[in-house]
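Comments concern the structure below.
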Amino acid sequence: MPMNQGPLSQISRLFALLAALSLLAGAAGCRDRSPDAAAAPVLLQIDGLSITLDEFNRQFEQTLPPDHALGQDEKDELKRAFLRQVIDRVLTLAEARRLGLSVTPEEVEAALADYRRDYPDDEFDRLLQTQGISLAQWRAELEERLLMEKVLAGAIHGRIQVSDDEIAAYYQSHRDEFDRPAQVRARQIVLDSEDQGREVLAQLRRGASFTEMAELFSLSPDAENGGDLGYFPQGEMPPEFDEVVFNLPVGELSNLVKSDYGFHIFLVEDKRETRSLSQAEAAAEIEALLRRAKEEQAYQEWLMELGAKARIDVNWQLL
C-alpha cells in the first residue's frame, strides 16, 4: 500500500526501532565466562569476551518482529548477519574505550527523548515490553550506541571530504540520474465507507482544514502528517491515484476515489514539470551520495584494521 511517502509512519517507525535494537542487543551478552557458563557451548570469543550459543539465540530472537514467518534458510542468513553485527559492535566499543571516549547522562536522556517523541502515548514502552526489554536495559544499550557514534564520528565521518571536482565529475558521467519526471505533491484522506467519505468531503468543501480532517479521520499512516504523500512521479502510486492527482489542478479537491484501500479524497498542493537538474541544483544530492559511499568504504576498512588486531574465534558449526 504505497501511501506513506512522508515522515516515518507508526509501522515504519516500529521496524526502524527493531533495526536499532538489532544493533543494540548485539554485545549485551558478551562478557568474561563464568563457571556457571562453562558447560554452555561458546559461539564467539573476542579478546577474552565470550558469548554462548544460548545467549546469542536469545538476543537474536529479540530483534525479530512478533509472529514473524521466516523460512529456516532466511533465518540462518539473518543469524550470520547478526553475528557480524555483534563482532563489529564489540570491536567498535573496545576502540571507543581505548580512546577514553564517554557519553554523558544528559546526552543519553536527550537521545531517549528524541525516540519517545516519535511515539504516541505509551507506545514506546509497549514496544519495549513486546521485545522483552526493560527501559533501564534499553537506556544502557542506547548509551553504548551513542558511544559508537562518537568513535565513528572521529575515526570516519569527520575525516571524509568530497571535493567540487568529484561532484562535477560525477554529474558529468551520470547526467541521466538528474532527469526529473513530472511530479505532484498531494495529500489524502482515506476512509472506510462511502458515506463517511461524502460527509468529510462536504466539510472540506465548506472550508474545513484538509490537514486537520486527515489527522482526525484518515485511516492511512500518513494521517499523522496531515495526509501528506510528498512529491511523487507517475507510476509510483496505484493507477487510480495517478489518474486523479495528475489531472487535478493545484489547490483543488478531488471527488471521492475508491480503491482497494478504501475511499480517498485528494488535495494537490504543487506540481513540478519534467526537467533536468543543473550541476548546482544536484550538488547537495551528489555530495551526500559520494560521502555515504566514502564513509561506508572507510568504515569497512576501519573494521578490518580493528579485526586484524583482535583475536576473534567463531564456532560456525553451531549456527
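Computed from a predicted model, the values in this text were never measured in an experiment.
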Would you indicate whether the side-chain heavy atoms of Glu107 and Lys150 approach each other to under 4.5 Å? yes

Are side-chain heavy atoms of Thr211 and Asp228 found at a separation under 4.5 Å? no

Any salt bridge between Arg198 and Glu194, counting N to O under 4.0 Å? yes

Is there side-chain contact between Val42 and Ile51, with heavy atoms separated by less than 4.5 Å? no

Count the heavy atoms of every other residue, nucleotide or ligand shown that sit under 6.0 Å from CD of Glu281, and state whether that count exceeds 12. yes

Could you name each residue pair satisfying salt bridge (charged side-chain N to carboxylate O under 4.0 Å, His left out) that touches residues 301-317, not counting sequence neighbours? Arg311-Asp313

If we ignore angles and hydrogens, is there a donor and acceptor under 3.5 Å between the side chains of Ser218 and Gln188? no

Do Ile87 and Ile312 have side chains that approach each other closer than 4.5 Å (heavy atoms only, starting at C-beta)? yes

Co-membership, hydrophobic cluster, residues Ile46 and Phe82, 4.5 Å side-chain: yes

Test of understanding: with salt bridge (Lys or Arg N to Asp or Glu O under 4.0 Å), list the residues that count as partners of Asp176, not counting sequence neighbours. none

Between OG on residue Ser102 and CG on residue Leu146, distance to nearest 0.5 Å: 11.5 Å

Nearest 0.5 Å please: distance from the CD atom of Glu74 over to the CD atom of Gln72. 10.5 Å

Ring pair (Phe, Tyr, Trp, His ring centres under 6.0 Å): pairs with one or both residues in residues 296-319, sequence neighbours excluded: none

Does some side-chain heavy atom of Ile189 sit less than 4.5 Å from a side-chain heavy atom of Phe266? no

So, Arg291 side chain and Ile160 main chain: donor-acceptor pair closer than 3.5 Å or not? yes

Shortest non-hydrogen contact from Leu191 toward Leu219: C-CD1, 3.9 Å

With clusters defined by side-chain heavy atoms of hydrophobic residues (ILVMFWY) lying less than 4.5 Å apart, directly or transitively, does Val90 cluster with Leu318? yes

I need the full list of salt bridge (charged side-chain N to carboxylate O under 4.0 Å, His left out) pairs touching residues 159-172, with sequence neighbours left out, sorted by first then second residue. Glu166-Lys294

Mark yes when over 12 heavy atoms from residues, nucleotides or ligands other than Gln317 sit less than 6.0 Å from its CD; otherwise mark no. no

May I have the step-by-step check of side-chain hydrogen bond (donor to acceptor under 3.5 Å, both in side chains) for Thr52 and Asp54, ending in yes or no? CA-CA 5 Å; Thr52 67; Asp54 288 346; 5.4 Å; no

Measure the spacing between CD of Gln137 and CG of Leu142 and express it to the nearest 0.5 Å. 12.5 Å

Report yes or no: does Thr92 contribute a side-chain atom to a donor-acceptor pair with the main-chain N or O of Met148 at less than 3.5 Å? no

Do Leu253 and Val257 land in one hydrophobic cluster if side-chain heavy atoms of ILVMFWY residues count as linked below 4.5 Å? no

Can Val151 and Leu93 be said to form a side-chain contact (heavy atoms from CB on, under 4.5 Å), step by step? CA-CA 8 Å; Val151 69; Leu93 288 172; over 6 Å; no

Less than 6.0 angstrom from the centroid, inside 45 degrees of the normal: does Arg272 satisfy that with respect to the ring of Tyr231? yes

Value for CG (Asn57) from CG (Leu53), rounded to nearest 0.5 Å, stands at 4.5 Å

Regarding Gln129 and Asp125, do their side chains bring together a donor and an acceptor under 3.5 Å, going by distance alone? no

Residues at least two apart in sequence or cross-chain that pass side chain to side chain donor-acceptor pair (under 3.5 Å) with Arg205, listed by chain then number, are Asn255

Pairs satisfying ring pair (Phe, Tyr, Trp, His ring centres under 6.0 Å), at least one member in residues 167-201, at least two apart: Tyr170-His174, Tyr171-Phe178

Under the salt bridge (Lys or Arg N to Asp or Glu O under 4.0 Å) test, which residues partner Glu61, sequence neighbours left out? Lys75

Are the side chains of Glu55 and Leu43 in contact, using a 4.5 Å heavy-atom criterion? no

Which distance, rounded to the nearest 0.5 Å, do you find between the CG of Leu91 and the CE of Met304? 12.0 Å

With sequence neighbours left out, the residues meeting side chain to side chain donor-acceptor pair (under 3.5 Å) with Asp192 are none

Linking I/L/V/M/F/W/Y whenever any side-chain heavy atoms sit under 4.5 Å apart, do Leu44 and Leu306 land together? yes

Could you list the donor-acceptor pairs under 3.5 angstrom formed by side chains in residues 239-252, with sequence neighbours left out?
unit_1: Asp242; atom_1: OD2; unit_2: Gly235; atom_2: N; d: 2.7
unit_1: Asn247; atom_1: ND2; unit_2: Glu243; atom_2: O; d: 2.7

Show the numbers, then the answer: is there a side-chain contact (heavy atoms from CB on, under 4.5 Å) between Arg187 and Glu269? CA-CA 7 Å; Arg187 292 180 185 269; Glu269 294 195 326; 2.7 Å; yes

Residues in salt bridge (Lys or Arg N to Asp or Glu O under 4.0 Å) with Arg180, at least two apart? Glu285

Taking only Lys NZ, Arg NE, NH1 and NH2, and the carboxylate oxygens of Asp or Glu, determine whether Arg145 and Glu141 approach each other closer than 4.0 Å. no

If you apply the rule side-chain hydrogen bond (donor to acceptor under 3.5 Å, both in side chains), what do you find for Ser259 with His264, and how did you get there? CA-CA 8 Å; Ser259 80; His264 305 252; 2.6 Å; yes

State, yes or no, whether a side-chain contact exists between Ser254 and Leu267 at a heavy-atom distance under 4.5 Å. no

Before you tell me yes or no, could you show the steps for Asp222 and Leu229 under side-chain contact (heavy atoms from CB on, under 4.5 Å), namely the whole-Å CA-CA distance, both residues' side-chain angles and the distance that decides it to 0.1 Å? CA-CA 7 Å; Asp222 47 67; Leu229 294 168; 3.5 Å; yes

4.5 Å side-chain heavy-atom contact, Phe210 and Leu204: yes

Among all residues two or more places apart in sequence or in another chain, which pass the salt bridge (Lys or Arg N to Asp or Glu O under 4.0 Å) test with Arg80? none

Indicate the atoms forming the closest heavy-atom contact of Ala214 with Ala223, along with that distance. O-CB, 3.4 Å

Does any pair with a residue in residues 92-106 pass salt bridge (charged side-chain N to carboxylate O under 4.0 Å, His left out), and if so which ones, sequence neighbours excluded? Glu95-Arg98, Arg97-Glu144

Joint hydrophobic cluster, Val314 plus Leu303, side-chain heavy atoms closer than 4.5 Å: yes

For the atom pair CZ (Arg139) and CD1 (Ile133), what is the distance rounded to the nearest 0.5 Å? 14.0 Å

Begin with the C-alpha distance, continue with both residues' side-chain angles, and end with the deciding distance and a verdict on side-chain contact (heavy atoms from CB on, under 4.5 Å) for Leu127 and Trp138. CA-CA 11 Å; Leu127 178 58; Trp138 200 88; over 6 Å; no

